[in-house]
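Report on one structure; see the data block that follows.
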Amino acid sequence: MSNKKKKIFKILRILGKIFLGIIIFLILLILFVRSPWGQDIIIDKVISSVEKKTGADIDLEKLFLKFNGDLQIEELLIREPSGDTLVYAGSISANIPLLPIIRSGNFGVDAIQARKVRAQVHRKDSISGFNYEFLTRAYAGDTTQQVTTTDTTSAPMEISIGDIDFQDFNIIYRDDVSGIDSQLKFELLQLEFNRTDLQKMVFNAGKVKFQNADLK
């Protein structure tokens, strides 16, 4: 065997080992993510990070992200630092394609489902704000830092929304500042969007189904 052939064979053998190592790593990662042990570690890390950052009390039974972009959340409960319930969701699942995010930076949700959702949004005064704002404040940037120049000519991120399937919702919205005290309950809300553009606030739904709703 010539030296050239030996070098090619050696390179192919090295590439084969690397490829095999990647496959084994992905298999182990999938087994870890889907295993009860891996689920507990992921949930504990995510929850402890958010609780430390926001001061919220969070309970979560299951959270995992598949490699095809499917996100699954079950039995999510978020309490305010005061102990009052902010939101509860029996289950939330969303299909988020990963390739468009990697290639172009655009974000899209092909389909989202939510079951048995309860939420209480309220504002007692204009100083303390709404009860969910402790989450946004915790992750807001430091406004005291020097503002850096950004490229305003770059195109904004495109955000698209696909089909929506919501079942068993009960949303309470109370704003003492504006005098709004409302509650929305519905059994089913299904939307099939033809086009969405959050930048221009365009929502074009081809099919809408709204069932057993009660608005106060």
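Throughout, residue positions are numbered sequentially from 1 according to the sequence presented.
- Through chains of ILVMFWY side-chain contacts below 4.5 Å, Tyr88 is grouped with Leu77.
- Asp125 meets the side-chain hydrogen bond (donor to acceptor under 3.5 Å, both in side chains) test with Ser128; sequence neighbours excluded.
- In this structure Asp176 satisfies the salt bridge (Lys or Arg N to Asp or Glu O under 4.0 Å) test with no other residue, sequence neighbours excluded.
- Sorted by first and then second residue, the salt bridge (Lys or Arg N to Asp or Glu O under 4.0 Å) pairs involving residues 203-216 (not counting sequence neighbours) form an empty list.
- Put simply, the side chain of Ser182 gets close to the backbone of Tyr173: a donor and an acceptor are under 3.5 Å apart.
- Screening residues 71-95 for salt bridge (Lys or Arg N to Asp or Glu O under 4.0 Å) gives Asp57-Arg79, Asp59-Arg79 as the qualifying pairs, with residues at least two apart or on separate chains.
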With a 3.5 Å cut-off and sequence neighbours excluded, list the donor-acceptor pairs that the side chains of residues 162-171 form with protein atoms.
unit_1	atom_1	unit_2	atom_2	d
Asp165	OD2	Arg115	NH2	3.2
Asp168	OD1	Arg118	NH1	3.4
Asp168	OD1	Arg118	NH2	3.1
Asp168	OD2	Arg118	NH2	3.3
Asn170	OD1	Gln183	NE2	2.8

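- Remark: Arg174 pairs with no residue by the side-chain hydrogen bond (donor to acceptor under 3.5 Å, both in side chains) rule, at least two apart or across chains.
- No continuous path of hydrophobic side-chain contacts links Val177 to Ile172 [ILVMFWY only; heavy atoms under 4.5 Å].
- Shortest non-hydrogen contact noted between Phe210 and Leu184 is CZ-CD1, 4.5 Å.
- Shown here are the side chain to side chain contact (heavy atoms under 4.5 Å, CB included) partners of Ala111, two or more places apart in sequence or in another chain: there are none.
- Applying the side chain to side chain contact (heavy atoms under 4.5 Å, CB included) rule to Ile78 yields the partners Ala56, Ile58, Leu76, Leu86, Val87; only residues at least two apart in sequence or on another chain are considered.
- By the rule that hydrophobic residues join a cluster once side-chain heavy atoms approach within less than 4.5 Å of another member, Leu215 and Val117 end up as members of one cluster.
- With sequence neighbours excluded, no residue forms a side-chain hydrogen bond (donor to acceptor under 3.5 Å, both in side chains) with Ser126.
- Every residue meeting the side-chain hydrogen bond (donor to acceptor under 3.5 Å, both in side chains) condition with Glu187, not counting sequence neighbours, appears here in chain and number order: Gln211, Asn212.
- Interatomic distance, OG of Ser91 versus NZ of Lys62, reported as 10.5 Å (0.5 Å rounding).
- For Ser48, the side chain to side chain contact (heavy atoms under 4.5 Å, CB included) criterion is met by no residue, not counting sequence neighbours.
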